[in-house]
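Some notes on the structure that comes next.
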Amino acid sequence: MELRSLWENIFRRAAEENDLAALLGRVPIFEGLSRRDLQVIERVSHPRIYSEGEAVFREGQPGVGMFVIQKGSVRIVKDKGGGSELELAVLSDGDFFGEVALLLDAPRSASAIAAGRTELVGISRTDLIAVMDSKPSLGFRIASALARTLAARLQSANREFIELQEKTVQ
Amino acid sequence: MTPDAGRSSRAFRIFVFLLILAGAAATFYFFFTISLITIPILVGIVMSYLLEPPVAFLERRGVPRTLGILASFVALSIPIAYLSIFLPGWIAQEYRQLIEIRSPQAIENIQGLLADARVYLIAHSELFREGGRFDLSDLDIATFIVNNSLRVLQKLVKAAPSLVVSYVLILLLTPVVTFYILRDGRSMKAAFIRIVPNSHFEMSLSVLSKIDQQLGAYIRGRILEGAIIGSIAYMGLRIGGIEHAGFMAVAVGTTNLMPYVGPWIGTIFAMLVGLIEYSTLAPIGTIFGVCVIAQLLDNVLVGPLVISKAVDLHPVAVLVACIAGAKVLSLLGLIIAVPVVCIVKVIVQEFFAGLRSYRVA
């Protein structure tokens, strides 16, 4: 399983990485960036292929960066102990995950497991920071988009928390 | 994971580990046997770490990276061109002063010193008299010195053509290697990451960025430290009214690249130059004092500020590295051995730290 994805990662053809810049442009963090800026991000992104059941990362491991799903799907699961796990979400084409690692040098809060053959694009925190540092105006746009994304997440978490509180009171 | 899958995964990891080990051994063998290729690569890596800050500075101000690299090259070529015009004349002048004018007198003084020692030894111990274990009665010190000096000189003359060819090749290859490391460093990293198995993907990204950070800080720190110590020694020697202060300061700054033993080699070299120039004890005392003060300032002020503690080496490791370096690449090997071992230490240290935190070992 691991061996097959290893060979696929080494020998995948450039044509298979069809228009990575366009895919990145659909990710909220990179939304509104010019084609040229997206190509700069593309240069520091790492396309990977995962087999069914293969872990992209595991809960508790240090987080290095975020992933964008190019093709396929990924299960986000949390270990409940005793071999059982809680499925938090199933993500598919165009979705992204692990973006908290772009801001925090903290352990992963859940595991990400490939559900079937999945093509991902990984972007590390240090590479993205290097790009943001070398091109300050691009860096500003990415940082504000990242802040907007996280603010939207916080807003939705707040809403869910209030709903949950209301249900508990009733 | 089933027991079978677990076994095959373990076997795969062992296979990859053995492959990496074999690759590392082959790389070391290759590099150490073909030093002509090793030196431009090593110097290219060092140069790219030194030029990265100005290139990044220009890039931040909107200059395309390739143009920024070329601009840094042009900026660097001005002092290099100046040095290549100024250095040969300076070296020739120092050589004439030290070897042609001062040496005969110095050799005479040293000969006199040795002759006195010989007379003293023969007078005071049976061992050194005729028929004794270390018979010195027939030894002609002047002939002994001339013969040995000639042998060293002959060796140098014989080695000169190959040394010149090597240095010309190194001078031609190094800028090319530096340019491509600076321009395509990110693509080289991406190509390397591509061959890493998925289970080690995040770990590799983390380890590579830490190695890059540590190496950059170490290489820039060491060279900055050498320059500061060289400048301190130069100022001290000029204040002390010592001749050849520049020559001695360059030696002190360069040998400072080696921790522990380097500063002493530089000090001894400077004292030898002083011995040839003055043949009296007072200036040699001044040189020794200045070098010791420079070393103290290095240990107390400069070193802790510019060099990371993470790359500290045990004195025994430094000694072994120096001996191995000298054996493989002679004088250059002696100077670069410790920095190279530190680079390897950072790589191994970060690799195993990565394995531990990702629990894949």
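Chain A is the first sequence line, chain B the second, and so forth, proteins listed ahead of strands; every chain is numbered from 1.
Annotation: residues 125-134 of chain A contacts chain B through A/T126, A/D127, A/D133, A/S134 [non-hydrogen atoms, separation under 4.5 Å].
Between chain A and the residues B/R60, B/Q213, B/R65, B/R61, the largest count of heavy-atom pairs under 4.5 Å involves B/R60.
When all heavy atoms of B/L205 and A/H46 are compared, the pair lying nearest together is CD2-NE2, 3.4 Å.
Heavy atoms of other residues, nucleotides or ligands lying less than 6.0 angstrom from CZ of B/F73 number more than 12.
Atoms OH and CZ, from A/Y50 and B/F201 in turn, are 5.5 Å apart once rounded to the nearest 0.5 Å. B/E202 CD to A/R58 CZ: the interatomic distance, rounded to the nearest 0.5 Å, is 12.5 Å. To the nearest 0.5 Å, atom CD of residue B/E59 and atom NZ of residue A/K135 are 5.0 Å apart.
Under a 3.5 Å cut-off, the side chain of B/N198 and the backbone N or O of A/I49 do form a donor-acceptor pair.
Side-chain atoms of B/M203 and A/P62, non-hydrogen and from C-beta on, never get closer than 4.5 Å to each other.
Using a 4.5 Å cut-off between heavy atoms, B/A190 contacts chain A through both its backbone and its side chain.
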Donor-acceptor contacts under 3.5 Å from residues 88-97 of chain A side chains, at least two apart:
{"unit_1": "A/D93", "atom_1": "OD1", "unit_2": "A/G72", "atom_2": "N", "d": "3.0"}
{"unit_1": "A/D95", "atom_1": "OD2", "unit_2": "A/S92", "atom_2": "N", "d": "2.8"}

